[in-house]
Amino acid sequence: MAYIIGIVLVIIALIIVGLILRKRIYDVVDRQESWKMDIMNRNIAAQLARIKSLNLSGETQKKFESWKEHWEYIVTKQLPDIEEYLFDAEEAADRYRFPTAKKTLRKVEQTLQSIEKDIEKMLIELDELIKSEETSRKEIEGLEPEIKALRKKLSQTRYQYGKAEARFDVELDEIEAGLRKYHELTGSGDYLEAQQLVENLKVQLEKLQIEMEEFPDLYKACKEELPDQLDTLISGIKDMKDDGYRIEHLGLEKEIRNYQGRLLDCVGSVEKGDVIVVKEAVTEIDERIKDMYQLLENEAIAKSYIETKIPTYRKYLGDLDMMFQDTKMEVELLRQTYYFEDSDMEKYLTLEKTITQLNKQLEELEENIDDHEVSHLKIRDKLDGNMQQVESLTQQHEDFIKFIHNLRKDELEAKEKLNDMKNQVYNTIRKLKKSNLPGVPNFIWSMLENTNQMNDRVLKALETKPLDMTAVQHALSEANKSVEHVTEQTDFVLDQAYLTEQVIQYANRYRSRYPLLAAKLSESERLFRSYEYELALEHAAKAIEEIEPGALKRIEDYQKVSS
């Protein structure tokens, strides 16, 4: 029983699957049938009838007949065949021959797609043909008045075109012949060829318009303007030579003659239509003429500059030379008294050498001014360089003068400083003598003696001939350090001695009660009388601090307040 049920279920499943597959086939058939009907119902014939607005002859007639025949083939052959194929697919599906049905439907799909492409291609070609006729007709309508305008312009301004007038006439004739050819092509239905012809005519006309627009100025520049400028330039060069300007080295006359020959060639070239080459030549010659004027102007400016500046330069250099001669005499005198460093003498000798060279160069400049082979521009460059040197040397000379003046100033300041240090040592000795100390430690006397010796060294350095200020400054610095040190040490000893006296006086109040303190104070007094003030203070301070801690600090503070 179960076996039978299983078989029944399988059969039912197969029937269901078959029905589903057949339904899918029917759906595709319905879709393709709708597609076929859509194509059949399209009013393609009416679309093709639009071409009848054109001349049905020549190329247009061939295309129309081709499109019409192809549409009739689609309607009478391909679409009925599709109907048969769809019927066969349905019949195969009814018999559950699904592979055969699918194969037939694929063929129908391909045929329908092919038909769609063919229709699309026909309509595109149709639109292009109609559009080309409309576009070319409008463009021709626009070209005709432009051609007439050019013809009129050429007729009214023939004098501006010279021999090129005949060439422009021929080109206009060719364009007008193209117009006639266009009308012949459209009359015979060859619209696409007519459109291509219109495009060529547009390019030809545009080129002719530009050339006719540019030609008068270009022709005039080659025939009149630039030759006139070159003639004026030649005349100007001759006048400048007569006026003494040195421009022979520029070689402008030969270059101008070459340009005059080129311009004659350019007239012939522009009349033949070689516009690009002529444009380049005109631009080159025009720019070069400007350069030539600039060169001539530079030479003229240089000549005027030299005539103005040479007297000024001669005076500046002469003044500098005179001032240096005074400096030279002063240096010779100072060298007998003062020592000059090698670097300072090198600066002095460099000044002398450079001034001599500039005087020699001034002579050469004046010779160049008289030499007509040397350009004023070259002379100006040399003059500018020399003037800058004079300015620099003037500043260097002023700096050197300040240096030699400072030698004397440094000497006076050194002598003044030496006197100050001697007075400082004298005051230190007076302070020691007035201190009422039992004596002065030996190291203080030694330091004072050493300081006096150093001061004597400074004096000897100042008396040396020639005077070496570097040695003086060194000796002065060492002596100053010694004076400051001895002054500082003397003040320190005096402070210690005075503080020791204060401490002993303060500690005396405890002497009778503290025998040990009395002994230490006695030792401190002995050291004080032996000039050992630092040790005396140390003993006295230690003794009082043992009895009264902090007493030394209070004594020191009191001493600072009372001093």
Between F528 and E501, does a side chain to side chain contact (heavy atoms under 4.5 Å, CB included) hold up when you go through it step by step?
CA-CA 9 Å; F528 187 84; E501 289 179 337; 3.5 Å; yes
Short side-chain to backbone donor-acceptor contact, [X] and [Y], under 3.5 Å:
X: S477; Y: Q473; answer: no
X: S235; Y: D231; answer: no
X: S392; Y: Q389; answer: no
X: S524; Y: K520; answer: no

So, N480 and E484: side-chain donor and acceptor under 3.5 Å apart, yes or no?
yes
Indicate whether any N or O donor in one side chain lies under 3.5 Å from an N or O acceptor in the other, for Q294 and N298.
yes
State which residue, out of I444, L448, L494, fulfils the side-chain contact (heavy atoms from CB on, under 4.5 Å) condition with Q489.
I444
Not counting sequence neighbours, list each pair that qualifies as a salt bridge (charged side-chain N to carboxylate O under 4.0 Å, His left out) and has a residue in residues 528-544.
none
Could you go through Q424 and D420, starting from their C-alpha distance and side-chain angles, then the distance that decides it, and tell me whether this counts as side-chain hydrogen bond (donor to acceptor under 3.5 Å, both in side chains)?
CA-CA 6 Å; Q424 195 171 350; D420 290 343; over 6 Å; no
Would you call K328 and Q325 a side-chain contact if the rule is heavy atoms closer than 4.5 Å?
yes
Kindly indicate whether the side chain of N450, heavy atoms from C-beta on, has any atom under 4.5 Å from the side chain of W445.
no
Carboxylate-amine/guanidinium proximity below 4.0 Å for K315 and D319:
yes
Should the heavy atoms of other residues, nucleotides or ligands under 6.0 Å from CG of D326 be counted, would the total exceed 12?
yes
Check the pair Q395, D399 against side-chain hydrogen bond (donor to acceptor under 3.5 Å, both in side chains), reporting the backbone distance first and the verdict last.
CA-CA 6 Å; Q395 183 60 51; D399 294 341; 3.1 Å; yes
Would you please name every residue forming a ring-ring contact (aromatic ring centres under 6.0 Å, His included) with F400, sequence neighbours left out?
Y348, F403
Side-chain polar contacts of residues 285-293 - donor-acceptor pairs under 3.5 angstrom, sequence neighbours left out - could you list them?
residue : atom : partner : partner atom : Å
R288    : NE   : E255    : OE1          : 3.4
R288    : NE   : E255    : OE2          : 2.6
R288    : NH2  : E255    : OE1          : 3.0

Cation-pi geometry met for R509 and Y506 (6.0 Å, 45°)
yes
